[in-house]
**Student:** 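I'd like to ask you about the structure that follows.
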Amino acid sequence: MTRALLVATVLLAAPVPGVAGQERGGVESVGFAGTWGGRVNIDGADQRIRIVLTEAEGGLQFTEYSVKRGNVEEKYTYHRGDPFKSTVNGNTISLTMSAVRASYTGTLSREDGRITGTFTREGRTFPLVLERVGRAGERAHEDEVPTSRPQDPEEPFPYLAEDVTYANPIGGHTLAGTFTRPAFGGPFPAVILISGSGPHDRDGAGVGHRPFLVVADHLTRRGIAVLRYDDRGVGGSTGEFAPATSKDLASDALAAVAYLKGRDDVDPGRIGLAGHSEGGLIAPMVAVESPDVSYIVLMAAPGVRGERLAAAQTELINRAAGVSEEEIAEMVEQLKAMTATDPWFRYFLTYDPAETIEQVTVPVLAINGEKDLQVPHEENLREIEAALVRGGNTRYEIRAFPDLNHLFQHAETGAPSEYQAIEETWSVEVMEVIADWILKTVGR
């Protein structure tokens, strides 16, 4: 969701060397080397961060960064040329994690040994205190509890599942994913799942859930082939995620369309896209560019310009968290005054998805939860429909589902802080609506 939790989660672009330009003596005297862990609360959702720093010739080497949401951990390990950077000035350290568009600046206390500072992700800042932890990060994660995910499918599956790779000639990298299809028959209608903001694996893993795994399983059991893939630079996919804008990521989905078109078990005239959150912003881009896209499903997709969406998210999420109206107003003003240096964030703030949706001529299903605080359903569904009408597209369906949040879970308030605690990964009703609509649209 959505990057850092601003688009998820809205929720430092160029690669930089892994060894800081810092005099060795300063590093040793302060003692930053070691494993550090801490917690950052992003829009009410608790994330546990671990950072590993080691001594290296000429300075301090940033060797590992990981973030854990619930029981799911994303880990980034340094290899020469990776976008990790650490610099030290006295007892202050600055860290850059370009792979996840994040940075941290903090000051080490000689009294209690903690680093107190500010964590920044995609233009938003949050307080973060780091403490020394064991190599496995025991203190940072000690209070986790096992979480039940009853919708996770288990093998053996009643369908075929195949690990696949395909090239993106525009970006010059390779995408890796999983293709599932019914065991018998074909060629089948197919759908490509496009993830929301932030680096996601093919299952869309986050806050203890694997929503794309669950959705792919459901749709395949209904007779629809599904391709889901690791974002560039994630899992088995090559390339760099950090500098990519939504437009760049659209080329990955475009490459997925070309890949499916070449498979004998896929009907080339019945290939569609289903994008969640930012993925729902990307799907119309691809549909406009490729004549091989026969339909799109927009799941909690933005229908308004990014700066407008970011302000609405800030208001709704912080209001649900009990923040005062005065503080919320101040946050919104700070957001408006923000100078975005990250290419993705700059693109997001200024891009108007309605202009692209107007050009979409294929059938569209746009759905959202009425308790979505990240992409508020009323305004965004309204603007999506208005854009379709302006473009003359009459083949669309708009649905809002009561009691569902941004992840299409049944929720109490819709706040991101609830995501992990909810056992449900994705509403069965919504998955049935998607499957029914696709089969009705492309024919059985």
Side-chain angles (χ1 to χ4, degrees), residues 1-3 6-8 10 191-197 215 244-257 270-313 344-370 372 374-401 404 406 408 430 433-434 437-438 440-442:
M1 158 192 23
T2 8
R3 299 181 191 235
L6 182 54
V7 163
V10 105
V191 65
I192 298 161
L193 302 183
I194 309 174
S195 67
S197 58
V215 172
T245 66
S246 301
K247 184 64 175 177
D248 297 325
L249 297 175
S251 70
D252 293 339
L254 189 64
V257 174
R270 297 190 292 169
I271 297 172
L273 311 169
H276 178 248
S277 198
E278 185 189 7
L281 181 146
I282 291 169
M285 296 180 183
V286 182
V288 168
E289 185 169 348
S290 172
D292 297 317
V293 174
S294 62
Y295 65 89
I296 60 175
V297 180
L298 308 182
M299 306 177 293
V304 300
R305 194 182 299 271
E307 58 186 359
R308 187 166 157 188
L309 178 61
Q313 289 175 346
W344 175 86
F345 198 47
R346 283 200 308 271
Y347 188 95
F348 166 77
L349 289 175
T350 59
Y351 179 72
D352 186 354
E355 294 178 359
T356 302
I357 295 171
E358 280 188 45
Q359 304 173 55
V360 174
T361 58
V362 298
V364 177
L365 171 65
I367 60 176
N368 210 332
E370 293 186 1
D372 189 338
Q374 293 179 229
V375 182
H377 78 282
E378 288 185 354
E379 181 178 32
N380 287 279
L381 289 180
R382 182 181 67 242
E383 294 304 315
I384 288 172
E385 182 171 19
L388 292 169
V389 170
R390 287 194 302 272
N393 190 336
T394 60
R395 296 183 296 169
Y396 67 84
E397 184 174 337
I398 309 291
R399 291 281 302 269
F401 294 86
L404 299 188
H406 186 64
F408 293 96
V430 171
V433 166
I434 294 171
W437 184 86
I438 291 175
K440 178 183 69 175
T441 299
V442 302

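The residues of the chain are indexed from 1 along the displayed sequence.
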**Student:** So, for Val360 and Pro284, which heavy atoms are closest and what is the spacing to 0.1 Å?
**Tutor:**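 Nearest pair, atom of Val360 first, then Pro284: CG2-CB, 3.9 Å.
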**Student:** Once you round to the nearest 0.5 Å, how far does NE2 of His377 lie from CD1 of Ile398?
**Tutor:**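 So the NE2 of His377 and the CD1 of Ile398 are separated by 12.0 Å.
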**Student:** Quick check for you: to the nearest 0.5 Å, what is the distance between Glu307 atom CD and Asp352 atom CG?
**Tutor:**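 So the gap between those two atoms works out to 9.5 Å.
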**Student:** Do Phe401 and Val433 pass the side chain to side chain contact (heavy atoms under 4.5 Å, CB included) test, and can you show the C-alpha distance, the side-chain angles, and the key distance before you say yes or no?
**Tutor:** CA-CA 11 Å; Phe401 294 86; Val433 166; 4.0 Å; yes
**Student:** Under a 3.5 Å distance rule, please check whether Asp292 uses its side chain to pair with a backbone N or O of Ile271 as donor and acceptor.
**Tutor:**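 No.
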**Student:** CE of Met285 to CG of Leu254: how many Å apart, nearest 0.5 Å?
**Tutor:**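 CG of Leu254 is found 12.0 Å from CE of Met285.
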**Student:** Quick one: list whatever passes salt bridge (Lys or Arg N to Asp or Glu O under 4.0 Å) with Asp248, sequence neighbours left out.
**Tutor:**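 For Asp248 there are no salt bridge (Lys or Arg N to Asp or Glu O under 4.0 Å) partners, ignoring immediate neighbours.
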**Student:** If I compare all heavy atoms of Val257 with all of Ser290, which pair ends up nearest, and what's the gap?
**Tutor:**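 Looking at all heavy atoms of both residues, the shortest contact is CG1-OG, 4.0 Å.
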**Student:** Looking at Trp437, is its backbone amide N or carbonyl O close enough to the side chain of Thr441 to form a donor-acceptor pair, meaning the two atoms are under 3.5 Å apart?
**Tutor:**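 Here the side-chain-to-backbone pair exists.
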**Student:** Check whether Asn368 reaches the backbone of Ala400 with its side chain - one donor and one acceptor, N or O, closer than 3.5 Å.
**Tutor:**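 Here the side-chain-to-backbone pair does not exist.
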**Student:** Which class fits the ring pair His276 and His406: parallel under 30°, tilted 30 to 60°, perpendicular over 60°?
**Tutor:**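 Plane angle between 30° and 60°, so tilted.
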**Student:** For the atom pair CE (Met299) and CD1 (Ile194), what is the distance rounded to the nearest 0.5 Å?
**Tutor:**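 One gets 8.5 Å once the value is rounded to the nearest 0.5 Å.
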**Student:** Just jot down the salt bridge (Lys or Arg N to Asp or Glu O under 4.0 Å) partners of Arg390, sequence neighbours excluded, or say none.
**Tutor:**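 Partners of Arg390 under the salt bridge (Lys or Arg N to Asp or Glu O under 4.0 Å) test: Glu358.
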**Student:** Can you tell me which residue pairs pass the salt bridge (Lys or Arg N to Asp or Glu O under 4.0 Å) test with a partner in residues 377-389, sequence neighbours excluded?
**Tutor:**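 Sorted result for residues 377-389: Arg308-Glu379.
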**Student:** Under the side chain to side chain donor-acceptor pair (under 3.5 Å) test, which residues partner Arg399, sequence neighbours left out?
**Tutor:**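 In terms of side chain to side chain donor-acceptor pair (under 3.5 Å), with neighbours along the sequence ignored, Arg399 is linked to no residue.
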**Student:** Applying salt bridge (Lys or Arg N to Asp or Glu O under 4.0 Å), can you list everything that pairs with Asp372, at least two apart in sequence or on another chain?
**Tutor:**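 With sequence neighbours excluded, Asp372 shows a salt bridge (Lys or Arg N to Asp or Glu O under 4.0 Å) to no residue whatsoever.
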**Student:** Can you see which heavy atom on Ala301 is nearest to which on Leu281, and at what distance?
**Tutor:**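 Closest approach of Ala301 to Leu281, heavy atoms only: CB-N, 4.4 Å.
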**Student:** Which heavy atom of Gly303 sits nearest to which heavy atom of Pro353, and what is that distance?
**Tutor:**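 Distance-wise, the nearest heavy atoms are C-CG, 3.6 Å.
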**Student:** To check you understand the geometry: which heavy-atom pair defines the closest contact between Ser246 and Trp344, and what is its length?
**Tutor:**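 Looking at all heavy atoms of both residues, the closest pair is OG-NE1, 3.6 Å.
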**Student:** First locate atom CG of Leu249, then atom CD1 of Ile282, and finally report the distance between them rounded to the nearest 0.5 Å.
**Tutor:**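 Reported to 0.5 Å precision, the distance equals 4.5 Å.
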**Student:** Can you name the side chain to side chain donor-acceptor pair (under 3.5 Å) partners of Thr356, sequence neighbours left out?
**Tutor:**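 Tyr351.
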**Student:** Roughly how far apart are Leu298 CG and Ile367 CD1, rounded to 0.5 Å?
**Tutor:**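 Between atom CG of Leu298 and atom CD1 of Ile367 there are 9.0 Å.
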**Student:** Which heavy atom of Leu309 sits nearest a heavy atom of Pro376, and at what distance?
**Tutor:**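 Smallest interatomic distance, heavy atoms only, reads CD1-CD, 3.9 Å.
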